[in-house]
Engineer: 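Mind having a look at this structure? Questions to follow.
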There are 2 protein chains.
Amino acid sequence: MMAKKPAELAKAIRTPLTVDDGIDFAMIELFFFAYRDFTSDPDQLLATYGFGRAHHRVVHFVNRIPGLTVAELLDVLKITKQSLARVLKQLIDTGYIIQIQGLRDRRQRELYPTAKGRDLALALAAPQSRRIANALTRLDAQDRGTIEAFLKSMVDPDLRTQIEQLPGGAGNVQDKAIAEPEATR
Amino acid sequence: MMAKKPAELAKAIRTPLTVDDGIDFAMIELFFFAYRDFTSDPDQLLATYGFGRAHHRVVHFVNRIPGLTVAELLDVLKITKQSLARVLKQLIDTGYIIQIQGLRDRRQRELYPTAKGRDLALALAAPQSRRIANALTRLDAQDRGTIEAFLKSMVDPDLRTQIEQLPGGAGNVQDKAIAEPEATR
DNA sequence: CAATTTATGTCAACAAGGCTGACATAAATT
DNA sequence: AATTTATGTCAGCCTTGTTGACATAAATTG
C-alpha cells in the first residue's frame, strides 16, 4: 500500500457542521448525552459488584421475563451464546440467577432470578426510573404519551414486537401517538 | 472465600418485575431499544470503513466544533487520552482529520476535519437524522419541544453546559419546555 | 428404532475500545 | 532556571463482543 501524504494535501475545514447542513444535530446530540447519563447510574452501582453492563441486561430481562430460555434471552439481547455464557455463568455462580430444566422440553434451561437477583434488578432500575420521573416532572400526562410514541417509533419496526410482549410495558402505547393518560389508570 | 451452594438454597422467583414494583420499565426499555437502533445505522456504515463507534464520536465532534483541542475533545468524550490516541491516530493517518498547531499556544493541537472527514460525518449523521425525522412525523412542532426538553433534563445538570455550547443545537431549547416551534424559523 | 436436529455448554482465539501507569517532549508559565 | 501543561507513546490489563469447532442430551423424524 502506498502511504499518502494527507497532511500536505488535505485542507482543514474550519466551519462547523450545523442544522443548516440538513441534519438534526440537536436531537442527535441530546439523544447521545441523555443515553450516556441514563446508563451512568447503574454503571457505577455495577462496578461495586464487579459486574458490567452485560450483567445488567441479563439481570434485567430475566427479572422482567422470568422463566425465559437461553435461546429467548439471546434473541432479546442479540448477542452470541458465547458472549452470554460468560456473564450468565458468573450470575449463576454468584447466586443472582438460577436455571431450571424445562418441563415440556428438558433440553431447555429456564432462567429465573433469585431473591438476590430480584434485589439487584430493582437497585439497578431505581436510579434510572428516578431520572426519568425527574425529567417528566415538568411535563403533563399527555407529554408522556408523546415521548413514549417517539421512542417507540425510533425502534426498528420489525423489532417492536419484542417490546410489545414485555409485561405492563410500552407495548400498551397506541401506535397513533397520544394514548390515553397513563397516570389515570 | 467460602463457596456457597446457591442452587440448593436459593429459590426461583417466578413472577415478573412490573410497573407495580414502582419502576418505570416502559420508559427504561423504550429508551434502551430506541438507542440501540439509533446507533445501528451508523454502526453498519462504519464497519465498511473498518471503523467503530469510537471513530464516529471523534469525527462527529471534530466536525461540530472544528479547531477544538485534544484536551477539549477528551472533556467532551469523557475518555482517557490513551483511548482517544488510538482512534484519533487512525483518523489522522487515513486523512479524515488533520491537526494544526495552535497559534496562541503552540503546545495545543487543533483538530479539523478534511473534506473526506466532513463527508463521513454527514454520511453517519444522515440516517440518524432520518430516523428522528421519521419518528417525529406524526408529532407536531410543540411535541418536538417536549421531547427536546425531556432529553435535555435526562442529562446530568453539570454536563448540560457542554450541550449548550454546541452550534445551533439543543442548547437553544428553553429550559421551561415548550419552546417556540422550531419548524417555523 | 436409528438418524437427525435442536438446545445448550464449552474451549480457544481474536478484536474493539475502555482503563492504568510510566515516561518523553516541547512549549508556556512562574 | 525550574516547574507546569499539552500532547504523544509504550506496555499491559479488562470487558464484552466476535467466529469456529466440538460435546452432550433430549426431542423429532423417517
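Residue numbers start from 1 in every chain, and the chains themselves are labelled A, B, ... in the order their sequence lines are given, proteins ahead of strands. Just so it is clear, the model here is predicted, and its values are computed rather than measured. The figures that follow rest on heavy atoms only: side chains count, while hydrogens, waters and symmetry mates do not.
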Engineer: For B:E29 and A:R64: C-alpha separation, side-chain torsions, deciding distance, then whether side chain to side chain contact (heavy atoms under 4.5 Å, CB included) applies.
Structural biologist: CA-CA 10 Å; B:E29 281 154 2; A:R64 284 284 283 157; 2.7 Å; yes
Engineer: Sequence neighbours excluded, which residues qualify as side chain to side chain contact (heavy atoms under 4.5 Å, CB included) partners of A:D43?
Structural biologist: A:T39, A:L46, A:R53
Engineer: Of A:L103 and A:L84, whose nearest nucleotide on DNA chain D comes first from the 5' end?
Structural biologist: A:L84
Engineer: Going by the rule side chain to side chain contact (heavy atoms under 4.5 Å, CB included), which residues pair with B:D119 if we only count those two or more places apart in sequence or in a different chain?
Structural biologist: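 By the side chain to side chain contact (heavy atoms under 4.5 Å, CB included) rule, B:D119 matches no residue at all.
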Engineer: Which salt bridge (Lys or Arg N to Asp or Glu O under 4.0 Å) pairs, counting each pair once, include a residue from residues 121-132 of chain B, with sequence neighbours left out?
Structural biologist: A:D156-B:R131, B:D41-B:R131
Engineer: Does the side chain of B:Q82 pick up a donor-acceptor pair with the side chain of B:R86 at under 3.5 Å?
Structural biologist: no
Engineer: Considering only nitrogen or oxygen atoms on both sides, find all protein atoms under 3.5 Å from nucleotides 11-16 of chain D and state each distance.
Structural biologist:
{"unit_1": "D:dT16", "atom_1": "OP1", "unit_2": "A:R53", "atom_2": "N", "d": "3.0"}

Engineer: Identify, between A:K89 and A:R107, the residue whose nearest nucleotide on DNA chain C lies closer to the 5' end.
Structural biologist: A:R107
Engineer: A:F31 vs B:Y35 aromatic rings, parallel, tilted or perpendicular, using cut-offs 30° and 60°?
Structural biologist: tilted
Engineer: Just to be sure I understand: a Watson-Crick pair is purine N1 to pyrimidine N3 plus N6-O4 or O6-N4, both under 3.5 Å. Using that and G-U wobbles, which stems of three or more pairs involve DNA chain C?
Structural biologist: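 Detected stem regions: C:1-30 with D:1-30.
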Engineer: Roughly how far apart are B:R109 CZ and B:L68 CG, rounded to 0.5 Å?
Structural biologist: 14.5 Å
Engineer: For B:Q99, answer base if it contacts any base atom (sugar-phosphate contacts may also be present), sugar-phosphate if it contacts only those atoms, and nothing otherwise; contact means non-hydrogen atoms under 4.0 Å.
Structural biologist: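 The answer is sugar-phosphate, as B:Q99 gets under 4.0 Å only of primed atoms, P, OP1 or OP2.
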Engineer: Which nucleotide span of DNA chain C, 5' end to 3' end, has atoms closer than 4.0 Å to non-hydrogen atoms of chain B?
Structural biologist: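 Counting from the 5' end, contacts occupy C:dG17 to C:dA28.
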Engineer: Working to the nearest 0.5 Å, report the span between OG1 of B:T69 and CD1 of B:I100.
Structural biologist: 13.5 Å
Engineer: Quick check: is A:I13 connected to B:V70 through a chain of hydrophobic side chains (ILVMFWY, heavy atoms under 4.5 Å apart)?
Structural biologist: no
Engineer: Report yes if the distance between the aromatic ring centroids of B:F32 and A:F38 is under 6.0 Å, otherwise no.
Structural biologist: no
